[in-house]
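Step one of this worksheet: look at the structure below.
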Amino acid sequence: MKSIFAVVALLALATARPAHHARQAPATTPLNDLIKAKGKLYFGTATDFLDTTGERTDTTYQEILNTTSEFGAQTPGNAMKYDTTEPTQGQFNYAPGQQVLDYAAANGQLVRCHNLIWHQQLPSWLTSRTWTSADNATLQGIMKNHITSLITHYADACYAWDVVNEPLVDGTGALQSSPWLDAIGPEYFPLAFKFASDAAAQVKAATGKDIKLYVNEYNDEYAGTKTTALLNLVQSVQAREIRIDGVGFESHFIVGQTPDRATQAAAKKQFADLGLDVAVTELDVRFSSLPPTSAGLAQQATDYVNSVGSCLDVEKCVGVTVWDFEDKYSWIPSTFSGQGEADLYSDDYSAKPAVAAIQELLAG
Ligand SMILES: *[C@@H]1O[C@H](CO)[C@@H](O)[C@H](O)[C@H]1NC(C)=O
Ligand SMILES: *[C@@H]1O[C@H](CO)[C@@H](O)[C@H](O)[C@H]1NC(C)=O
């Protein structure tokens, strides 16, 4: 039951908001303050500050993004991916990622740095040729240089790194084919964490700060072949006495098809029981057909609450990140034709029912 104290606290938070942050409906929903009061580290969002994206020049977007009571963490959607950070072998482009880090630092926000090793968004110098086991040592060198360079460069500005992103195939739970798998074989996965933990140890020696090292995956939010394969993968790293700190549950869901709260909590708990942190890392809940009905929006609110609630249910769940908060900048419409409205705010910046529902969950 929602107490009167929670309501009073919310009003106090709303009044404390500086004037330039005043805006319509969501002014009373400081999600980050609420989730921190529940013992979590952050409520965060993905963002992109590339030259090609509108976020940089959209002041309404930025007013919400830079409100730390709403979002206590950022994840760069694309700015730190391989094709951006190492477009030419051995020549690093740190600037786009640095913009996100600087912006977050100015607001006192954490950054989940994303990501180091993935089979997608690779530069052409890696994808334009075939790699075989004859290239094992070469690819290990390339992987090590990329991981070490990014981790040591951005250093303690990263709260966490997604070291390996989406390693597994849906359905089968096999490792995704990639230059890393082609040349190094399955051993690439623990090796990536070995290189990352060595680099993180350098950062720790220089700054005293520990960076959390994550594997990030989707369709691991419920029991199944892929989730079991991920458990085995994590244990293969631990069996080699290599550090792995956390598992990301991307949580890209569909309205009405989102796993319930207990199911999502149970999946997280399996990894927490291995001693790992867990986090909801890319939450959005899309409509498979548009426009949404009011019943659909209510269902979407329930779906969001189930996911955020599952994080509350698992002590080692550190926080929740939405995969951007504003429909205008959602990846969904360009990836899933005819689908969308997956984010917390409509493209006119009005808050969807999901915002109030999450606020009520967190204030309860
Ligand atoms: C937040 O963004 C708005 C819009 O760009 C800007 O006017 C304001 O100065 C920013 N505030 C902070 C604390 O960065
Ligand atoms: C690549 O080398 C590593 C040792 O550095 C080894 O564990 C792995 O099995 C090798 N992979 C292949 C495909 O030979």
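In each ligand, atom 1 is the first atom listed, and ligand 1 is the first ligand listed.
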If you draw the axis of the six-membered ring of Phe253, does the NZ or CZ of Arg286 fall within 45° of it and under 6.0 Å from the ring centre?
no
Is it possible for you to check whether Lys226 lies under 6.0 Å from the centre of the six-membered ring of Tyr218, through NZ or CZ, and within 45° of that ring's axis?
yes
Ring centers of Trp161, Phe193 separated by less than 6.0 Å
no
Could you tell me how the ring of Tyr61 sits relative to the ring of Phe325: parallel (under 30°), tilted (30 to 60°) or perpendicular (over 60°)?
parallel
Parallel, tilted or perpendicular: rings of Phe92 and Tyr94 (30°, 60°):
parallel
Salt bridge (charged side-chain N to carboxylate O under 4.0 Å, His left out) with Lys352: of Asp343, Asp347, Asp327, only one passes, and it is Asp327
What residues sit with at least one heavy atom under 4.0 Å from ligand 2?
Ser133, Asn136, Gln140, Ala183, Ile184, Glu187
Between Asn66 and ligand 1, does any nitrogen or oxygen pair lie at a separation below 3.5 Å?
yes
Within the 4.0 Å heavy-atom shell around Asn107, which atoms of ligand 1 are there?
12 (C), 13 (C), 14 (O)
Tell me yes or no: between the side chains of Gln264 and Ser307, is some donor less than 3.5 Å from an acceptor?
yes
